[in-house]
Amino acid sequence: MDTREDEKTGRREDEMLGGREERAYSGSELMACVAARELRDGEVVFVGIGLPNLACNLARRTHAPGLVLIYESGAIGAQPERLPVSIGDPSLVTGSLMVCSMADVFQCFLQNGRIEVGFLGGAQVDRFGNINTTAIGDYASPKVRLPGAGGATEIAIHAKRTLIIAKLDRRAFREQVDFISSPGHRARGRSRADLRIPGAGPTRVITDKAILAANAETGELELAALYPGVTVDEVRAGIGWELSVRESLEVVAAPSAEELRALREDVKVE
Amino acid sequence: MDTREDEKTGRREDEMLGGREERAYSGSELMACVAARELRDGEVVFVGIGLPNLACNLARRTHAPGLVLIYESGAIGAQPERLPVSIGDPSLVTGSLMVCSMADVFQCFLQNGRIEVGFLGGAQVDRFGNINTTAIGDYASPKVRLPGAGGATEIAIHAKRTLIIAKLDRRAFREQVDFISSPGHRARGRSRADLRIPGAGPTRVITDKAILAANAETGELELAALYPGVTVDEVRAGIGWELSVRESLEVVAAPSAEELRALREDVKVE
Amino acid sequence: MHGGNSVSRTASKVVSMRNAVAQHVRDGDVLVIEGFTHLICFAAAHEIIRQKRRNLTLCRLTPDVIYDQMIAAGCATKLVFSWAGNPGAGSLHAFRRAVEAKPPTLAIEEYSHFGMVARFSAGAARLPFWPLRDYQGTDLPVANPQIRSITCPYTGAAIATVPALNPDVTIVHAQRADADGNTQIWGLLGVQKEAAFASKRVIVVVEELVDSSVIRADPNRTIIPGMIVDAVVVEPWGAHPSYAQGCYDRDNPFYTAWEAISRDAERLQSYLDEWVYGVADRAEYVRRQPQLVERLTARRAMSGEVSYGY
Amino acid sequence: MHGGNSVSRTASKVVSMRNAVAQHVRDGDVLVIEGFTHLICFAAAHEIIRQKRRNLTLCRLTPDVIYDQMIAAGCATKLVFSWAGNPGAGSLHAFRRAVEAKPPTLAIEEYSHFGMVARFSAGAARLPFWPLRDYQGTDLPVANPQIRSITCPYTGAAIATVPALNPDVTIVHAQRADADGNTQIWGLLGVQKEAAFASKRVIVVVEELVDSSVIRADPNRTIIPGMIVDAVVVEPWGAHPSYAQGCYDRDNPFYTAWEAISRDAERLQSYLDEWVYGVADRAEYVRRQPQLVERLTARRAMSGEVSYGY
């Protein structure tokens, strides 16, 4: 986890949404709330910077006080007093429960199967949840060179489930990604079971307009829930494949007053 | 390294040797001096308890103040204030330069090739310096079950050179050992080079009567030096194969006054 | 964003040794009580003996006096190890009687120290094997067919392998932990971290239960995180006759005395009758030897402090 | 048996950064300056740029601003890495210009973080490879044929492998060391221990040179032993704009500013002219920004002490 999603989602002004003035919220605030609700109390979460960090700290402040935050930098049980800018921020260390080497993070925690939830983001996501964080265009002669996999490959493989955070955009949500940095539910035609990948993969894709979820049989991402006031056509406009829509479509609740208060006062989102 | 050698060598009364009263010394004191003289200043030594511990601390107090003592328990640069009874003694930790996990000891120090000298001992030593610390008789139904290899296998393989410490005895120095726990210069007919063993093997076998050393071509242990007043026949009486004797036989010097003082006062040998 | 020990999932991890053993150690388990000379949890072994666990596979680099007692008490059917002596004092005679019997009454699976460390490392990393450059020219791979080899995909060289060791339960003694099991150890670390991460269940036994704020003040000292710990037992002097750096010294006279005790099977049983079956728990064991505290309590040798500020 | 620092083989390990780089960093070297966000030794990178080293193969998990500067300065012909972004701020534009050029002017060899950590672990253990359960379903093994696989001799499963990384020289920044290079680090440890043990030569750069007695008071904090260290450089603020836990905070505004600086090749060269070529050493770099000390000096957050007595 790193700042990939931050680069993609967090760096432009959010328009304010919501009905009444006192409950107005930004798109990022809604995404943070939606992601936080996916986390259960006591779970062990591999945290990234940006929206995942907001979501984890929001969940700790609301329904999941026993969430264990682990950063790939080696901080275990972090309680940052400020919003960390990087996953190696010193505030993740001060007052944490444990600091270990990165060899231990990847071997004893991640590969060991101790991580219950991982967050992923990326420049390109395909219909099976495969992610490209490596390069746009040809790998050897890229049009745009992206940062690369970082820890996302092994998070995608070993976390018991992952949450993908990405804003809808036809250039991002594509039939096929140019490069598979992190495997989804089917990679180059092979299922996770076939590839002997232990984790369940991306159970939810949290976008700025809707939640996508994988079809249990095919592994294809489908529209599972809409944000308040969003139409199916608006979602389809941001997706580069023929999106399936579930029959019983959930509607996501707007952020509650308590969620917004916690997000703005405790988590200190600016 | 452990207390194998202690069990074999240190638990009976030493007779006092030497010519004049003020220079009288025990057999163990002489062995400790001979072993200490094999260590060069600045070398990194994997230390065992018993005679190796005496020898290392004597060397530090005389000609090799920069000797780095490493114990397989994880104490690096130990400066024990008392004679440790075990290789995990707390006195090896207090005031040491570093304490690391045993995984680091074996991987980052020993397998990495950072250990220059290792000490070995054992119930049986054969003509090529192979050592048995495992079992007398058949492995599956042993006559005497010995403690086992401990760290001696990997010390014998990875230390740049090893020193074997053992008292002469026909039951101990045998044509063949019942079980090879630690490889010498030729094991089951194959040379160290052939077996891709990195270390040079046992360059010296320090006994209570003489020093044996390996023939550079054949790897066979030969008589290289006699202790004061010892005859070749006395040595042969303690060895179970036809011992070759080097043409230019060295004579080992008796412990100097300074060696005895350091051993008795600084190293505090009882 | 601070706010107390919000990581604890439950406060109920802190239990008595009796309850920890009753709940987490079962007949037939693959059991590890680790600690290389340092922090060997005799208190747990004695409780396991009292509760008459049977058919255990005991794993340790150095079976030490602790497993000699458990073998003598009839707990074990198999031993996995690398060096079975009494450091500085002699043999483990209960072990020797069992292995030298015709036929042997104890099965063994034997490695070198590096091999055992590598097995725990593989277990902790959930890899099926661990590679090591070892065993060439020795008879160990003949004695133990679990020692195998692999061909390096880069150099073509043969590299030895050992299989992962994933115990059912691992017991680790430590200087201190918080109520959630976040555990700090200093001095010799042995293979405790690897054994704990390799294990299905983990019991931590500590000299001192501390507030989470003590742990959080120095997070680099934490060796085992609470998230992998099932039970926390507070048992001062629980490692005697081994030692706890900063707390009490090794009882070398006891280790020396074990040579004569264990050499005589009847005397060994008398020892168990008096000091294991004959006491209710570790507290009584300590109470009945008041000289231990006087003889072995550690002098202080302070570490100094560092700052974690930013 | 105590008696001073009898382990030092020589007192001459303590040298200036200029001398350390002149003596130990050579054209064509495989060079590692590690530190995951924490303790990234910019002081060493700037001296390497000033001394105009060429044809370096630079290895790091996160090339970060430090390697973006070295790439811009023309030091590197190859980059070995796993994540090449500017954490929290954007891209490494010198890196991107080199890799997006037709044809690219910088060769790359790319892994994931776990893969890079595994390469250093193998190097430190002097194993030719390291096994990891990774890369299934990804295009990384296609992009990088050094990512291979092996068949487990116990389960028959295919396990990925990466080759050992054994650098010519590794530079590690740390809070403190003694004159022999016994080095203590707290806070994030990254892969510094593994990189140092993997390397042919090791330079340690410290915020503070301390007496050996400080190291010996808390030996569990030592990450790198002096016996593998070739040079010790004392360079306060040597990790700026990264940070040193307990000493100074990360300069986040600088990282943010790098986005605009590095996006413009000319502006980047002006930066190097002023802050790298334009200063003699790190002391001058710090002297010319007096506000750094005021802005970034860490508050204290003390660890507490433990006892190592027996």
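Just so it is clear: chains get the letters A, B, ... in the order the sequence lines come, proteins before strands, and each one is counted from 1.
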Task: chain A contact via D/Ile223 - which portion, at a heavy-atom distance below 4.5 Å - done: neither
Task: Non-hydrogen side-chain atoms of A/Pro90 and D/His38 separated by less than 4.5 Å - done: no
Task: Most chain A-contacting option - heavy-atom pairs closer than 4.5 Å, from D/Gln192, D/Glu110, D/Arg96 - done: D/Glu110
Task: Contacting moiety of D/Tyr255, where chain A heavy atoms sit under 4.5 Å - done: neither
Open item on the list: Quick one, D/Leu189 and A/Met102 - any side-chain contact, counting heavy atoms below 4.5 Å?
Closed with: no
Open item on the list: Heavy-atom cut-off 4.5 Å, strictly under: side chain, backbone, both or neither for D/Glu100 against chain A?
Closed with: both
- [ ] For A/Glu154 and D/Asp134, indicate whether the former's side chain and the latter's backbone hold a donor-acceptor pair under 3.5 Å.
- [x] no
Open item on the list: What part of A/Val105 gets within 4.5 angstrom of chain D, counting heavy atoms only: side chain, backbone, both, or neither?
Closed with: neither
Open item on the list: Only pairs of heavy atoms separated by less than 4.5 Å count here; which of D/Val191, D/Leu188, D/Val117 has the most with chain A?
Closed with: D/Leu188
Open item on the list: With a 4.5 angstrom heavy-atom cut-off, is it the side chain or the backbone of A/Arg186 that approaches chain D, or both, or neither?
Closed with: neither
Task: A/Asp89 and D/Asn252: CA distance, side-chain angles, deciding distance, side-chain contact (heavy atoms from CB on, under 4.5 Å) verdict - done: CA-CA 10 Å; A/Asp89 196 86; D/Asn252 291 320; 4.1 Å; yes
Task: Which atoms of A/Ser101 approach chain D - backbone, side chain, both or neither, heavy atom under 4.5 Å - done: both
Task: Between D/Phe95, D/Phe114, D/Phe36, the one whose heavy-atom pairs under 4.5 Å with chain A are most numerous - done: D/Phe114
Task: Under 4.5 Å from a heavy atom of chain A, the part of D/Tyr135 involved - done: both
TODO: Please look at D/Arg97 and chain A and tell me whether the side chain, the backbone, both or neither of the residue comes under 4.5 angstrom of a heavy atom of that chain.
DONE: neither
Task: Part of A/Ala156 lying under 4.5 Å from any heavy atom of chain D - done: neither
- [ ] Heavy-atom distances under 4.5 Å only: say whether A/Arg188 touches chain D with side chain, backbone, both or neither.
- [x] side chain
